[in-house]
Amino acid sequence: MIVEGDYTFAGTREAVWEALLDPEVIAHTMPGTQEMVRVAPDRYEGRMRVGVGAITAAEFQLAVQLVDVVPPERYTMEIDGRGRFGFTRGTATVNLSPDGAGTVMRFRADMQVGGKIAAVGQRLLDSVSKMMTKQGLEALAAEVKRRLAG
Amino acid sequence: MSPRWLGERVPRLEDTKLLTGRALFTDDVDLPGMLHAAFLRSDEAHGVLRGVDVAAARARPGVVAVWTAADLGDYWKPGPLLVPPPPIAGIVFNAATQVPLAREKVRHVGEPLALVVAESRYLAEDALDDIVVDIEPLPAVMDLEAALAPGAAVVHDELGGNLAARARQTKGDWAAARARAHAVIARRFRYDRGAAAAIENRGVVAAWDARSEELTVWDTTQAPIPIRNGLAGMLGLGQSQVRVVAPFIGGGFGPKIMMFYPEEVLIPWAAMRLGRPVKWIEDRRENFYATTQERLQIHDAELAVAKDGTILGVRDRFLSDTGAYDPYGLTIPINSQCTLLGPYAVPNYDSEFTVVFTNRPIVTPVRGAGRQHGVFVMERLLDLAARELGMDRVEIRRRNFLPPDAFPHDHQILFQDFRPLVYDSGRYAEAMDQAVAAIDYERFVRVEQPKLRAAGRRVGLGIVSYIEGTGIGPYEGARVTIEPSGTVRVATGVGTQGQGHFTTFAQLVSDVLGMDPSKVQVITGDTREFGWGTGTFASRGAVVAGNAVHEAAIRVRKKVLALAGAVLDAKEDALVLECGSVHVKGAPERAIRLGDLAVKANPLRGGVTPGTEPGLEATAYFGPDRGNAANGVHALIVEVDAETCEVRILRYVVVHDCGTVINPTVVEGQVQGGVAMGIGNAFYEQLVWGENGQLMNASFMDYLLPTALDVPAVEMRHTVTPSPLNPLGAKGVGEAGAIPAAAAFAQAVEDALQGGIEVLEMPLSPNRLFELMQDGAA
Amino acid sequence: MTVQQGLAVSLTVNGSKVERTAEPRLLLSDFLRHELGLGGTHVGCEHGVCGACTVLLDGEAVRSCLLFAVQADGHAVETVEGLAANGDLHPLQAAFHETHALQCGFCTPGFLMTLVPFLREHPSPSETAIREALSGNLCRCTGYKNIVDAVALAARRLASDAPAAARA
Amino acid sequence: MKPAAFEYLRPGSVDEALELLERHGADAKPLAGGQSLVPAMNFRLAQPAVLVDLNGVADLAGIAAADGGLRIGAMTRQRAVERSAFAAERAPLLAETLPFIAHPQIRNRGTVGGSLAHADPAAELPAVMVAAQARLLLRRRGGERRVEAERFFTGLFATALEPGELLTAVELPAMAPRTGWAFAEVSRRHGDYALVGVACLVTLDGRGRCASARVALLSVGEGPVLAPSVAAALAGAAPTPEAVRAAAEEVDADVDPPSDIHASAAYRRRLARVLTRRALTRAFDRAASR
C-alpha cells in the first residue's frame, strides 16, 4: 500500500526537520501513539494503539529505524509494527524543501499490512491509512506552528 | 433383468436425515470428556521461525496441552507424496510436502505453528492469544516468473530454487505446423486462484479407546481409507485398529481429498497422548489458509491454423503455482495440458509446464483440477482465430471436432492417471448442434443481438466445447449383502459429499436384485464397513465405485439364483427376481422372499457340503483400464452494463454427455451446481494476495460465492454416448459444469462489447472489466 | 476483567421449555448444537454471511452465529429439528426432497429456516422474490435452481392446503 | 472464531442503560442488533470488556409520527421499518433503501440506530439520513440533544456521540410537496457492502425547476458524503436529461473514494457519476408526478 503526498508547513526547513525527528512530537502527532522513545540517534521504539469504530484499539509494538539521513533534507524510516491483530511494516521517505518562508514536505510510504487486519479488514485499509495520514499531518502542522509561535 | 431403475429419477434416499437435521456431520460428534483444539497459524507468508513461546498459554486455566514442532519429537515428519510424478521423459520433479507444525521456517500465511488443546474451543482460542511468536520476515515468493529468476527468495532452501517441476509432452511437429500456418494466434492467458469453499469447513474428531486399543477418527475427508492406512503407519497401529469415518460431508470439491493435512496427523495423536477425545473444527478464516486451493496458471500459448480454420497445431508454455508444497504431484498441470486438446483434432502439440513453489497455501485439485485452464486457453485461441479468419465461432469448432468414427482416439501423451490419453467415445458435433439449437444461435446472432444493440443494450453470446477426462483408476470396491430382514446393504469405500451415491448405487443394485431402491441401504466412507479403495475425486464415484457395486450385485444375484433353484427345485433360468422375492416363472406361488433365502444361506448343521459359502453376499472390485472422456457444450447469453461494468447472465444452456445416466436428476444437479461454481470462478471468486503473501479476503464478506441472484437456471440437454471402458457405460459428471464456464463467459462478454476488449484472464470482476474497457478505449 | 460465569438462560426451543446456564460469550449456534444437542443448525462462517446457522427467533429468521445464547433468554427459538411434525415432513422439506434441492445438505437447514417465515409472509412469491429471499443463504452444491423450484412447489402446496386447513 | 470473554449487562430502561454506560466508560459497548459488532467479536477484532445489551429496553423501539415526519426509535429493527406502510408513506427514500441492506435475516435483527451509531462508510442508512436532513436524538444522563445527520457523522466510523451518550431515535422531517426520491447502489452481490451508493431527494418549484437537491453517497469517503457541487449545479435548473447528466458529473468534486480489492478509486468515481445521474433522473421523475 502506497501512501504519498505533500504538505506545506509554515516554518523553516530546520524547524520542520527538528520537529519531525523529536520523539515528543512524534508521540503527540502520530495517531494512537502511546509512547515513543529515541533509543539511539537513529532509532525509535514505542507503542501505538490503533482502533477504528467497533474494532478494539489494538496495541502495536513499534520500531522505527532511520536510514539515509541527510539533514535537513531527507530521511527514510524503516517501520516495523507488530501486534495481536497483525503487523505493519515498510519504509517511508520524507523530503523537505524550502518554499518561500515555508517548507514543503513530500512523503511516500510503502507499507505492508498483515495478519487478521489484512485478512478480514481489507475494505478499510485505504480509508484508515488516509485518515491516519491526515490526522498525523494536521497534528504535525499544529505542532510546528506552536513551536514557531513559542 | 431389464433395467427398471437405471436412468430413473429416483428421489434421493439420503434426503430425509439431511432435511430434518438428523444427519451426522463431523462437528455433530460430541463425546464424553471431549477436548477442543485450535491451531496458532503464521501471520507471515515467509520467514525464519525464531521462536514460539507457549508458556503463558500452557498456564491458562482450562488449557490441557500446547505443542509446538519441537514438542512432537519423532512424530514430526513431512507428509506423504500422494501422487508421484508420471513417467514422462525428461521430467523434473522436486518433492516438498507439508509438515505438521512449522519449524525453522514458515512458508505460507496460515501455516500452523502450535496446537492448543483445551476444555472448550473458546478457551483454546483464548490461549492462542497468549502465544508469542518471533518470525523474521523474508521476502515472499509470489510472482511465478520472478520466483524462477536468479536471486529470488527461495521457499525451500534445500532445493536451491523455486522450481517444483517441469515436463514437456509433444506430438507431431509443432515447428513444421507453425511454418505452414495461414495464421498464428499467440497470447498470454492468466487464470487466478480461488477457493473450493465448501460450506462445511474441515474437521477431525479422534477418540482412542485404551481398552479395545482402537482409534476412531471422524474426518471430513473424501478419502477415508488412505487416511486410515496412513494413520495406522504413523501411529504404529495395525490398520484394523484404526477406524476412519467420513460421515455426511458438507461439500468436498477436491480439497477434502488432500491427505494428511497437519490437523489429520495431529488430532489423533493428541487424542492418544491425552487419553481423551479431541475435536478440531476448522473455522471459516482458517479455511482460507489451511485448506488447499487451486488455479493460478499463466499460459503463453500459440495456435496455428490453416486458412479454412483447420487446427494445425498448438504450442503452450505455462507456469503453474503449487503453493508452498506439492504433495499432490502434477495432477493439475497434466490435466491442463491434456484438457487443452478438447474435442478437437490437434495433429501437432508441444506443451511444457513449469510448476513453481510460492509462499501461498498449498495447491491441490479443486473441482475441475486444472481442466478449466486448458479449456480456457484453447477456446479463447479458437475465438481469436475465428475473429482473425473472419469465421463464425461455431464453424471453426465444427471444422475441428473429432468425428464419431475417430475413436478410440490416441492423443499420444500421458494423462494424470499415467495412462495414455486415449478418448473412448464421443459425438462432439452432435452436442454442438444441440447447443446451437437450444440457445437459438442463428436467431440470436442475426436478429436478437442486432435489435438489442440498436436499442443500446450490450448483449453477447458465448459457446464453447470441452472434454473432461473422468473416471480414472486405480480401483474401488463394494460389498453387497442381503440381510435376513430382506434389506440389502451395500458398503463401499468411497466417501460421499452430496453426490447422491446413496441413491445411485441403490438403483444399480435394485435392477440386478429385483427390488425397490428404498430397500437398499448404502454405507459409504466407513473403513470398518469397507477397507479397500481410494476415494471420491476426479468425477469417478459413479464410474469406478458404481461398476464395482454393480458387479457385486451381479455376483449376489448368482448366489440368489443358485440357492433359490435348490430351495424351489427349479432351474435357475426359470426363476424370476422381483419385488424382493424369487419365484418360478409362471408359478408365483412357488416363491421365497430374499430375506428368508438369506436365512437359508447361513446353513445349520448338516446343511453344509464342501465348497459351501455362507451368505448372500459378494464383494467386487472395478479398476478401469484408463479414464474416459465425457464431453459437452456450454452456451450462454450475457448483458453488460457498459457504465457500471456489471454483467448479468440472461440464459445458460448446457449440453453434456456423461455416457449412461444412472439418475438424470442427480446428474442435472451436478451440472447445475458445477455451473454455479464455474460462474463463481469466472466473475465472483478470486483470492487476492498482497505482495507480501497476505491473503486480503479471508472471509465470506470479501470472497464472493455466487448467490441465488447470480446463478441462472441452466437449461439442460443430454446426449448419451456410453463408454466402452466399463460395463455400465458410465462417464463422470462431477466437475463438468465448472470446467468450461469461464471460457464461455469470456467469449460472451467480449461479444457483448463487440470486440472492444480481449478477455485473456479469469476471473473477471466489474472492476477489472472497467480497467479493460478503459484500456480498450485509450 | 471479571469473567462472568454462567448466566441463567430460560427459553423455548421448538416449543419446549429449556433452562440452562451459559457463559455470556457462548454463541446461540454453539448453544443449540453443543448444549442442547440440536446439531441440525449448522455453522459455516460465523460472521453472518453464509446463512447455514439460520434459526427462528420469535418467528423471525436470524443468524444464530450473531446472537449470544444469553440474548435468547425469554424468547422462543425454532430450529430445523422442529419442522417435521409427527414424522411428516414440512411441505418445504418435502418439496426440497422432490425437486432435488439439496446435495450435501449442509446448508439446507439454514435455507429451510429462512423460507418458513418467507412463505408465511409471501404465500405466492414470484421467482425473483424467491431468489431475493434465498440470497442471504449460500449453497455451494446445487446452483440454487432446484431450491427455487422447491420453494415454488411448497408455496403452491401450502396455498392449496390452506383452505382445507381453514375448513378443518 | 469464538469471541473473547466479556461482561454482559442487560438494562431494562434507557436510564439504566445510560447509568451502565457512564459507569463502565470506555470499557462498555452498547449492543444493538449486533450484526456488525458480533462478527467483529467473532473475529476477535472487537473485544469489548462489557456489553450493554439494549435489546431489553422496550421504549427504544417504535415508529411514530413527528412534526409531519417520522420518528424511529434507535432499537427499531430495520425489518420493522421495511414492513411499515406508515414509514413508506412518510419516508419513501428510506423505504426504497431498506431492501438493499444486507439480507432479511440481518435486517430482522439489525436496528436503525445501531447502523447509524456504527457509522460504516459503506452503510446505506447514514447516507439516507444525511440526504433526508434527519435529526438524531442523543441522550445522556440528565440531558438530551438533537444533532443534524450531516454533523452527526464526523469521520471514519466516527460520530458526534460522546462517552456515556446514547442514540435513542432519529427524526426524519416531512417531505416538501413535489419532492422525489431515489436510492441506487452497485454492489458485487445483492446485500454486499455497496461499491458506491447514492441517496437523493429533490424538490421542484412551481415552474418545474429544481428547488433543492440533496445527494448523499456512500462508500466514497470516510462516512456518508453530501454532494454540494451536484446540488449547486442543479439549483434553479430545469431537470432535463442534459442538466442532470452535467450535474452528476460534478459529483467528482465531492468524493474522495478509497480503493479496495473490489473497486479502485477510479472505478468508484465512475460509479458515483453514473449512479448519481440514474438516481437523480428517477427522483426528478417522481417529483414531477407528485
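All values below were derived from every heavy atom in this structure, side-chain atoms included, with hydrogens, water molecules and symmetry-related copies excluded.
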Bottom line for C/His34: the part with an atom under 4.5 Å from chain B's heavy atoms is both
Could you tell me whether the side chain of C/Gln93 and the main chain of B/Leu19 form a donor-acceptor pair under 3.5 Å?
-> yes
Cut-off 4.5 Å, heavy atoms of chain B, and the answer for C/His47 is side chain
Spacing of NE2 belonging to C/His100 relative to CG belonging to B/Asp15, to within rounding of 0.5 Å | 8.0 Å
Quick one: what part of C/Asp149 sits under 4.5 Å from any heavy atom of chain B, side chain, backbone, both or neither?
-> neither
Closest approach of C/Gly105 and B/Phe25, non-hydrogen atoms and distance?
-> C-CZ, 4.2 Å
In terms of heavy-atom pairs under 4.5 Å with chain C, which of B/Gly673, B/Pro11, B/Ala708 leads?
-> B/Ala708
Could you check which of B/Thr665, B/Ile199, B/Val711, B/Asn201 has the highest count of heavy-atom pairs closer than 4.5 Å to chain C?
-> B/Ile199
Tell me, for B/Pro706 versus chain C, whether the close heavy atoms (under 4.5 Å) come from the side chain, the backbone, both or neither.
-> both
C/Glu98, part contacting chain B, at a heavy-atom distance under 4.5 Å = neither
Measuring heavy-atom distances to chain B, does C/Ser135 have an atom under 4.5 Å in its side chain, in its backbone, in both, or in neither?
-> both
With a 4.0 Å cut-off, would you call B/Asp30 and C/Arg33 a salt bridge?
-> no
Name the region of C/Ile147, side chain, backbone, both or neither, that has any atom closer than 4.5 Å to a heavy atom of chain B.
-> neither
Return the minimal non-hydrogen interatomic distance between B/Tyr122 and C/Leu27, and the atom names on each side.
-> OH-N, 3.0 Å
Relative to chain B, which segment of C/Leu89 carries a heavy atom at a distance below 4.5 Å: side chain, backbone, both, or neither?
-> side chain
Okay, C/Leu112 and chain B: the region with an atom under 4.5 Å from a heavy atom over there is side chain
Can you tell me if C/Gln103 uses its side chain to pair, donor with acceptor, with the backbone of B/Gln499 under 3.5 Å?
-> no
Does C/Arg140 pair with B/Glu685 as a salt bridge, N-O distance under 4.0 Å?
-> yes
Got a salt bridge between C/Arg131 and B/Asp710, using NZ or NE/NH1/NH2 to carboxylate O under 4.0 Å?
-> no
Max heavy-atom pair count under 4.5 Å with chain C, selected residue of B/Val675, B/Val671, B/Asp283, B/Val666 | B/Val666
Side-chain donor or acceptor of C/Tyr144 paired with backbone N/O of B/Gln672 under 3.5 Å | no
Picking from B/Ser699, B/Ala676, B/Gly500, which has the most non-hydrogen pairs under 4.5 angstrom with chain C?
-> B/Ser699
